[in-house]
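Note that the numbering runs from 1 along the sequence shown for the chain.
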Amino acid sequence: MSEEGIRLTPEQKRLRRARSLAIGIALAAMVGLIYWVTVVRLGANVLNRPL
């Protein structure tokens with residue numbers, strides 16, 4: 001038994017790669033934004049904590 005599966009055309013492969021890249025960039029931007037907001041909200045107070 002030979003299972004061929006789904007064969008994507010070159011156009012479909014290109015669109016899939018572009019979509020994956022866009023998702024990756026959006027995810028990285030969201031992580032960066034959350035990090036930046038955390039740093040801004042804590043500010044210098046992060047150093048004023050009891051040890």
Search all heavy atoms of Arg7 against all heavy atoms of Gln12 and return the closest pair with its distance.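 Closest pair (atom of Arg7, atom of Gln12, distance): O-OE1, 4.2 Å.
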Is Leu33 reachable from Leu27 through a run of I, L, V, M, F, W or Y residues, each pair having side-chain heavy atoms under 4.5 Å apart?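 No, it is not one cluster - the side chains of Leu27 and Leu33 are not joined through contacts under 4.5 Å.
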Should Val39 and Trp36 be counted in the same cluster of Ile, Leu, Val, Met, Phe, Trp and Tyr side chains packed under 4.5 Å apart?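 Unlinked, Val39 and Trp36 end up in two clusters.
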Sorted by first residue and then second, give each salt bridge (charged side-chain N to carboxylate O under 4.0 Å, His left out) pair with at least one member in residues 16-42; sequence neighbours left out.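 Those involving residues 16-42 do not exist here.
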